[in-house]
Amino acid sequence: MMRLTCAAIVMITCAASAAFAAAQVSPTDPEASNWGASLQRPVGHNALGLPMLIYTHGNVGQGVTPDDRTEVRLVTFERE
């Protein structure tokens with residue numbers, strides 16, 4: 001049986017360019033999925049440098065049991 005997995009991918013562009021670069025930020029793991037990615041955004045009163053990304057990594061199913069292992073992961077970025 002094939003198990004479907006998901007990866008968190010970030011697309012990066014320069015404001016002056018129409019080209020994009022893609023970077024996978026989550027590990028490729030046939031036993032767990034990555035979902036619910038959320039990129040930090042300014043809301044008017046806070047200044048952002050490079051935004052941070054959070055996503056969920058772990059078992060995916062119809063419900064949650066005490067044996068499930070799910071993590072919320074934080075990704076930070078650096079300028080090249």
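The figures that follow rest on heavy atoms only: side chains count, while hydrogens, waters and symmetry mates do not. Positions are given from 1 along the sequence. On a predicted model such as this, the values are computed, not experimentally measured, just so you know.
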In terms of heavy-atom contacts, Ile12 and Ala23 come closest through CD1-CB, 4.5 Å
Restricting to salt bridge (Lys or Arg N to Asp or Glu O under 4.0 Å), what partner residues turn up for Glu71, sequence neighbours left out? Arg73
Which atom names give the shortest non-hydrogen contact between Ala37 and Leu53, and what distance separates them? CB-CD1, 4.3 Å
Pairwise distance CG(Leu74) to CE(Met52) - rounded to 0.5 angstrom: 6.0 Å
List the residues meeting side chain to side chain donor-acceptor pair (under 3.5 Å) with Gln40, not counting sequence neighbours, and say none if there are none. none
State yes or no: do Tyr55 and Ile9 share one hydrophobic cluster built from I, L, V, M, F, W and Y residues joined by side-chain heavy-atom distances below 4.5 Å, directly or via other members? no
Scanning both residues in full, the closest heavy-atom pair of Ala8 with Ser26 reads N-OG, 2.7 Å
When you group the ILVMFWY residues by side-chain heavy-atom contacts below 4.5 Å and let the links chain together, are Leu39 and Val75 in the same group? yes
Non-hydrogen atoms of Trp35 and His57 that approach each other most closely: CZ3-C, 4.2 Å
Single-linkage hydrophobic cluster Val25~Leu50, side-chain heavy atoms < 4.5 angstrom: yes
